[in-house]
Amino acid sequence: MKIVAAKQILKANDQLAAENRLRFQHRGVFGVNLVGSPGCGKTTLLESLFRTLRGRVSPAVIEGDIAGQIDADRMTAMGVPVVQINTDGMCHLDANMIAAAWDGLEGDAEQAVDMLIVENVGNLVCTAGYDLGEHLRIVVLSVSEGDDKLVKYPAIFQRSQALVITKMDLLPYTNFNVERVRGDMRRLNPDAEIFAVSALQGDGMDGLADWLAARRSAVPATSRS
Ligand code: MG
Ligand code: ZN
């Protein structure tokens with residue numbers, strides 16, 4: 001019997017992720033990996049972000065879900081090119097899936113895509129261990145999930161470059177302590193950016209959009225061909 005260590009699988013994933021990153025850079029595409037629990041508002045955040053960034057970036061999206069294409073349909077309704085990955089039970093995306101999905105997007109029309117956002121499967125655990133080839137990882141936490149998540153799931157917060165606290169319009173109806181979360185994030189990951197938004201109401205979206213657009217511009221495009 002052959003036993004494959006999880007470490008070896010992750011090493012293979014890291015190599016594929018590095019290849020993905022080069023492919024993105026070669027086309028001048030900035031890659032973002034959006035992670036967070038099911039129901040934290042990732043798709044609604046994307047819809048609001050794309051409205052705010054209209055005319056400033058040309059996004060494409062890879063949607064990761066166990067089943068169905070509800071989120072991909074929402075992106076199509078916004079006119080954003082999208083590929084849906086159905087993981088059929090797998091609880092995270094890996095670099096191999098992203099390579100295949102990017103094949104589908106890259107060949108798709110002559111879209112001048114300059115930002116690829118991967119909406120990962122809703123999960124705060126193993127998404128932390130899989131580099132997809134992104135330039136930036138953003139973790140989303142909604143106020144309705146509770147303010148203890150950074151203490152309970154530290155890895156994903158340590159390995160993200162930004163935290164977006166969502167559903168701020170619901171804050172008065174919860175006991176969520178924003179300052180506790182900000183403090184926990186600063187302890188776990190002092191360099192991370194922290195945003196607090198209501199994607200539905202639009203509050204805080206300008207700051208997030210400006211920051212993201214600036215991060216995209218900072219990535220050197222190897223070639224736009
Ligand atoms: Mg979603
Ligand atoms: Zn998983």
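This structure is a prediction, so every number in the text was calculated from the model and none was measured. Atoms within a ligand are numbered from 1 in the order they appear, just like the ligands themselves.
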(message) Could you check whether R215 pairs with D210 (Lys NZ or Arg NE/NH1/NH2 to Asp/Glu carboxylate O, under 4.0 Å)?
(response) no
(message) Check this for me: does any side-chain nitrogen of one of R187 and D184 sit under 4.0 Å from a carboxylate oxygen of the other?
(response) yes
(request) Determine, for R21 against D131, whether the closest basic-nitrogen to carboxylate-oxygen distance falls under 4.0 angstrom. (result) yes
(message) Restricting to non-hydrogen atoms, name the atom on S48 and the atom on M205 that form the minimum distance, rounded to 0.1 Å.
(response) OG-CG, 3.3 Å
(message) What is the name of the N/O/S atom of H92 that is nearest to the Zn ion (ligand 2)?
(response) ND1
(request) Spell out the protein N/O/S atoms under 2.8 Å from the Mg ion (ligand 1) as residue plus atom name. (result) T43 OG1, D71 OD2, E119 OE2
(request) Please name the pair of heavy atoms, one in Y130 and one in N33, separated by the smallest distance, quoted to 0.1 Å. (result) O-ND2, 4.2 Å
(request) Could you tell me whether the side chain of D88 reaches within less than 4.5 Å of the side chain of I66, counting heavy atoms only? (result) no
